[in-house]
Amino acid sequence: MAQAHLACAPDSLADSLKEAETLCSQRGGKLTPLRRKVLTLLLESEGPAKAYDLLEHLGDDGAAKPPSVYRSLDFLLEMGLAHKIESLNAYVACGHWKHGHAAVFLICDKCGMAGELHAHDSVKKLTQEVESVNFQMRSAVIEIRGLCEACAG
Ligand SMILES: [Zn+2]
Ligand SMILES: [Zn+2]
Ligand SMILES: [Zn+2]
């Protein structure tokens, strides 16, 4: 799991789901069985997952029609439990969902790893610059493409 060392998330899946459930209720949402399943798939995924990859794994579930999977993903984005990486058109479980943050992703072009950085200082500066032009930021996902340590070596 290349992305684990960059994240603040719990190590075990059970702990992650428990934490997600608590955060959802704090943020006014409910982690329904399908949303929970989609989040589980994202947490278990080795790298960013596309919606149709998720659908494939949800095959037997009658509720797993494309629109409901997209709605589940939107819910997870809204709750701050996942991010969408636009350049890959793929989704990842957030590694820092307990604290507010803009997502800064390092994406390896070779192996597809996507690690989420804290980048507190740069994000703070960026937020200040955005606010200085009176733009109200709702979300930010910064995508940095290149080679991970393993692939560059
Ligand atoms: Zn995040
Ligand atoms: Zn963190
Ligand atoms: Zn790599």
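Each residue takes its place number in the sequence, starting with 1. Order of listing sets the numbers, starting from 1, for every ligand and every atom in it.
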Min side-chain heavy-atom separation Leu39-Leu34 under 4.5 Å: no

With side-chain hydrogen bond (donor to acceptor under 3.5 Å, both in side chains) as the rule and sequence neighbours excluded, what pairs involving residues 19-34 come up? Glu19-Trp97, Glu21-Arg36

Quick check on the Zn ion (ligand 1): does His83 put an N/O/S atom closer than 2.8 Å to it? yes

Contact check, side chains of Phe135 and Glu131, non-hydrogen atoms, under 4.5 Å: no

What do you reckon, is NZ of Lys110 surrounded by more than 12 foreign heavy atoms closer than 6.0 Å? no

Under 2.8 Å from the Zn ion (ligand 3), the protein N, O or S atoms, given as residue and atom: Cys108 SG, Cys111 SG, Cys148 SG, Cys151 SG

If I take atom CG from residue Leu73 and atom CG from residue Leu81, how far apart are they, to the nearest 0.5 angstrom? 11.5 Å

To the nearest 10 degrees, calculate the angle at the Zn ion (ligand 1) involving SG of Cys94 and OE2 of Glu116. 140°

Yes or no on ring-ring contact (aromatic ring centres under 6.0 Å, His included) for Phe105 and His83, after CA distance, side-chain angles and deciding distance? CA-CA 10 Å; Phe105 281 103; His83 298 292; 5.5 Å; yes

Compare all side-chain heavy atoms of Glu116 with those of Cys94 and state whether any distance is below 4.5 angstrom. yes

Can you give the angle Cys8 SG - the Zn ion (ligand 2) - His118 NE2, rounded to 10°? 100°

His118 vs His99, ring-ring contact (aromatic ring centres under 6.0 Å, His included): CA-CA, chis, key distance, verdict: CA-CA 10 Å; His118 271 130; His99 56 84; 5.2 Å; yes

Taking the Zn ion (ligand 2) as the vertex, how big is the angle to ND1 in His96 and NE2 in His99, rounded to 10°? 120°

